[in-house]
Amino acid sequence: MNAYAPILVLGGLGAGFAIFSVVMASLTGPKRYNRAKLDAYECGIEPTPQPAGGGRFPIKYYLTAMLFIVFDIEIVFLYPWAVTFDALGLFGLVEMLLFVLTVFVAYAYVWRRGGLEWD
Amino acid sequence: MSATAAAVHSLWTTRALADTAATPAIPTPHIEYAQLSPVLIVFGAAVLGVLIEAFAPRAARYAGQLAVSVVGLAAAFAALVALAADGYAQGRSHVAAMGAVAVDGPALFLQGTIVLIALVATFTFAERRLDPVAHGNRVDSFAAQGSAVPGGEQEQKAVRAGFTTTEVFPLLLFAVAGMMIFPAADDLLTLFVSLEVFSLPLYLLCALARRRRLMSQEASVKYFLLGAFSSAILLFGIALLYGYAGTVSYGGIADVVDGTAKLTPALANTTGNDALLLIGGAMVVMGLLFKVAAVPFHMWTPDVYQGAPTPVTGFMAAAVKVAAFGALLRLLYVVLPGMRWDWRPVMWGVAIVTMVVGAIIAVTQTDVKRLLAYSSIAHAGFLLTGVIAVSPSGVSSVLFYLVAYSFVTLGGFAVVTLVRDAGGEATHLSKWAGLGRRSPLLAAVFAVFLLSFAGIPLTAGFSGKFAVFKAAAQGGAVPLVVVGVISSAIAAFFYIRVIVMMFFQEPQPQGPTVAIPSPLTSTAIALGVAVTLVLGVAPQYFLDLAGKAGVFVR
Amino acid sequence: MDPLIGALVGAPLLGAGILLVGGRRLDRTGHWIGCLWAAVSFVIGVVLFADLLSRSPAQRTLTSHLFTWVPVAGFQADVGFQLDQLSMTFVLLITGVGTLIHIYSVGYMEHDENRRKFFGYLNLFLAAMLLLVLADNYLLLYVGWEGVGLASYLLIGFWQHKPSAATAAKKAFLVNRVGDMGLSIAIMVMFTTFGSFAFRPVFAHVGDVSQGRLTTIGLLLLLAACGKSAQVPLQSWLGDAMEGPTPVSALIHAATMVTAGVYLVVRSGAIFNAAPTAQLAVCVVGAVTLVFGAIVGCAKDDIKKALAGSTMSQIGYMMLAAGLGPIGYVFAIMHLVTHGFFKAGLFLGAGSVMHGMNDEVDMRRFGALRTYMPVTFVTFGLGYLAIIGFPGLSGYWSKDKIIEAAFAKGGTEGWTLGAVALVGAGITAFYMTRVMLMTFFGDKRWQPDAEGHEPHPHESPKIMTIPMSILAFGSVFAGGLFSINSAFLKWLQPVTGHSDGHSPVATWEITVATLVVLILGVGLAWQSYGRQAVPAVAPRGSLLTRAARRDLLQDDFNHVVLVRGGEHLTRSLVYLDHTVVDGAVNGTAAGVGGLSGRLRRLQNGFVRSYAVSMLGGTAVLVAATLLMRGV
């Protein structure tokens, strides 16, 4: 059982932080409501029901989110490599450069084809 | 530092272990670039394709993409041939990239097949003579602008400007690279990653039809949702298998199945739990059966085949089947032969329903693409009979069948692209009535393909069917062969009905026209006919080749 | 050298492919392409011939195994070639005469808009015929056999806009099917008996199997030979086959294809030698046909049909010789070759006459053409002298040998067969003289054709007369050359074997007897057609004449016995088919259709139900796998 104690403590700390944040935000933050703010998720997607004739979500939102994920995952790979850089040596460097290069190609495509422009 | 200070320190500190112990040296992974070169070349070509999309002016993209694709695929094929000639197909079979990718006979054979299919598919992708010239531009089968709303203003603008989605070429190459790894994957994670690598581009390609875009997008979404669903089940199965064996490597799992593995103490509790093995194995197999379109995981096939742009359909029908059957063979023959008494009866059942359901539903189809989709389902069933044999001739017969089937399929769908009316391809069968009168050569070629599908002697289809049924019968699955033959008879009915329709019915007054293809599509069709006849008349050389290539590395 | 054997077949096949696939764009050059590939094949043949000659007689068999066609446990079908002296003889005949006729056709078919297709078919024929004679097993031989049948069908019906040509093609095809069936059954019996159908193993094990089996195989092979070589009772198609263009009649229906039956019998000599009953049947068929064809040839007014009757009769001679066994094989083939020369020459001559006479074929409307067509007259005349066996010319050397061999068979059979062969020689002299006189001598009996054009007979162009001249040359000298020092006998003997037999009659006696009947035949013909004018309308004639004009009632016989009987059989079968078989089939089809419609409803287009089906499927899969272990 002893082995699980730190995990329980960690879980408790996490829950505590989450509750603390929510409560503190509601106590200290300014309250200026507008329509967008009252929407569910508050992120640009209109919740159902849609106005007549609509029905398509703005694709730009997904595009941005997806790009974020792509580059975010790049970091996920970069981090452990950075930690073990010494151990992996030249091999690790070459492989990582190749990896970053391919991601960069994707970036170049998105950039050149206007994926980064909002309008 | 004085001794006392050290003594004081030692009250509340302890000396850290040496740095080397804290971060033990990781053995540098070893990657055999030469042995992986075919896949790397295709990936490289795909990345180059993306760069072309990014930096080349719109007008130059088509030619550039076509050149990069063709050169890349040809180079990959050359690399494959070089590897095979180097003995990797037989004596020097090898597991490369730290146990991730096998380089052996079946892998090279299937990769070669996939690359050739892709080359032919590239030709059909690049065909620009079929659609009437619109606003002064020659266009292919793909949407002017994938992101535009179908029928919307932006789309019309893109059409007027003569835009084409040249991204299809790099997408095709990415899919091909994934497919090349898929049958060669030697651990479950590589299997999963390569599955996704080839699936995602296919989902996109399916959505890019120039005509009937809503249908195309619907097909794509369906394929994506169901594909994701099956991937999830596959991944779950992988997790269970890992739980069972404590490793994801094929050889490692096989050792545990055979009881020859050394168990790690940490995993001793779960390792060797047969329930995990059986459930996990079934789920992974299910993921592969989804890709080969076996019943009851076939429901996506007709909808997707019908909605996708026809060149994509041809490519999918041919290449996905090759890749997925390759992976299935490796999984069942390398990982799970130890439990073949468990999975064989189940696969019997799957093969039987696949053959029977595929053949029976095809009978009432009225759309030629759906008809071919059901036909491909039935063919998956025939192929499964060869897989079930669990014998060297089972491997070689399936390899042979895949070659025979895939080129005929490519040719068949290429013919479908040629029969057109005002709305694009005229896929409704009623419009094909009397085609033999109007365009005897085309109808004759299509008839050859149909006869091959039906397995009439002197066509590739016959040789292939004969080989798999022979392997199955030698493996003791005679009842399965009987069902196979009956299904073939049912299938022959609807193939021949189409032939009858083309040659013995009066043409409709406002029937479709037959477009004159450029040499690109003609090559695809001619190759289909050539393979049909060569494999039908003189199958022995290729059977031998498949036989030589039929040994998996472990 | 061995790959060349494949090239021999491949060259004309390639030509046929180019011509038939090339389409209209080759219309202007197609005929030369056709000639080229035929000539290439001939050149390859000559090279191979030189190679064979350079070897010792025992080593003159070349084989070339291309690939294994169908390998199943005990059943192995190879695609392999065997070139020996017998095949070589045929190869030279086929490609040599074939090339000449290709060249002739360039002129003959000049005004035909489908000339390219014609040459494509001719090339196809060459390829199939070469395959037939080069195959090293019966199955591949069968492929060639069917191939020549197809080419023959296509070429007889080449002018299919004429109903008569279309019908003739169909008739030839159907009658040939009867024979082909014999060959296919023979191959099956052979396989069950010997476990193989390659020549070598089959011939090597002839001694190990029962007489009954061998006789069965022999009779079935004879049936096949009868179909292809137009022997009684399957002879009825050859006369109608003359509807095809004349070069076709010359090449296929006189010189080469129709001799395939003789080839089959000689090639299968080992089987026939061991099955005397079948051998006797071959003799009888040959003897009957040689008289039958000769009689038909006497009565026909159509020049090509008269020649067709003659072809039948001459092949009868070959069959007769082939049926005699080792005494006759060599002479059967020798007569086959010389006949190839003179009959091809005669047909080309007939074609030349038709060419100059607005495609008229009725000899009663010819006459006095010798001055208008001197080259044709001379070449035709040399062919004529050769066929009747004029001493010193080709026919004399080969036909006399056959008559001699027939007598040498000994006993009653020998006497009978010899006598029939002798009488046949007389009739041959009669009908050929009749053709000669009616066509080239006497008064002009020309009449305007259906559209009222007066004929203006003229000599044919060089491209036609040169091949005719070459063939005439062969007609004159081939037989003599073959007989110098028994060259042909020595050449062929290692393959076919030879024995001299014991003739009860001396050679010179036979020669004298032959000359006597020859003179009788010629004299009788001159009496009837030379000394008195030929009436423009055929007289009623005797019962035999009238019957002979109708091909000795063969069609009537076929109609009454086969067609009527067949119709009755068909009707009852159709009844059975409609009620019993169709009932079952339609029932099944309806069942499948209904099931299909129901299953199809599962495919409702909703992803959610598809996913449920997948989930259910997975559950079943998992459960079934677990169950298997549980059981």
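Naming convention: chains lettered A, B, ... in sequence-line order (proteins, then strands); numbering from 1 in each chain.
There is no contact between S463(B) and chain C, counting heavy-atom distances below 4.5 Å. Only the side chain of F290(B) has a heavy atom closer than 4.5 Å to any heavy atom of chain C. Both the backbone and the side chain of I279(B) come within contact range of chain C, with heavy atoms under 4.5 Å apart. Proximity to chain C (any heavy atom under 4.5 Å) is restricted, for Y374(B), to the side chain, taken from C-beta onward. Using a 4.5 Å cut-off between heavy atoms, V537(B) contacts chain C through both its backbone and its side chain. In this structure, chain C has heavy atoms under 4.5 Å from both the backbone and the side chain of I361(B). For chain C, no part of L441(B) is nearby; none of its heavy atoms comes within less than 4.5 Å.
Distance check, rounded to the nearest 0.5 Å: CZ of R608(C) to CG of L226(B) gives 12.5 Å. One finds the CG atom of L602(C) at 7.5 Å from the NE2 atom of H298(B) (value rounded to the nearest 0.5 Å). The CZ atom of F606(C) sits 8.5 Å away from the NZ atom of K222(B) when rounded to the nearest 0.5 Å.
Few gaps surround CZ on F194(C); more than 12 heavy atoms of other groups in view lie less than 6.0 Å from it. Atom CZ of F224(B) has 12 or fewer heavy atoms from other residues, nucleotides or ligands within 6.0 Å. When the shell of 6.0 Å around CZ of F236(B) is examined, it contains 12 or fewer heavy atoms from other residues, nucleotides or ligands. Within a 6.0 Å radius of CZ in R200(C), no more than 12 heavy atoms belonging to other residues, nucleotides or ligands are found.
R600(C) contributes a side-chain N or O that, together with a main-chain N or O of T364(B), makes up a donor-acceptor pair within less than 3.5 Å. No donor-acceptor pair under 3.5 Å is formed between the side chain of Q603(C) and the backbone N or O of P302(B). Between the side chain of S613(C) and the backbone N or O of P296(B) there is at least one donor-acceptor pair closer than 3.5 Å. Between the side chain of T625(C) and the main chain of A282(B), no donor-acceptor pair closer than 3.5 Å is present.
Closest non-hydrogen pair, T618(C) versus F297(B), comes out as N-CE2, 3.5 Å. Of all the heavy atoms in D342(B) and M628(C), the pair that sits closest is O-CG, 3.5 Å. Residue G605(C) comes nearest to D303(B) through the heavy atom pair CA-OD2, 3.7 Å, listed as atom of the first residue, atom of the second, then distance.
Residues L278(B) and V622(C) fail the side-chain proximity criterion, which asks for heavy atoms closer than 4.5 Å. Residues L615(C) and F229(B) meet the side-chain proximity criterion, which asks for heavy atoms closer than 4.5 Å.
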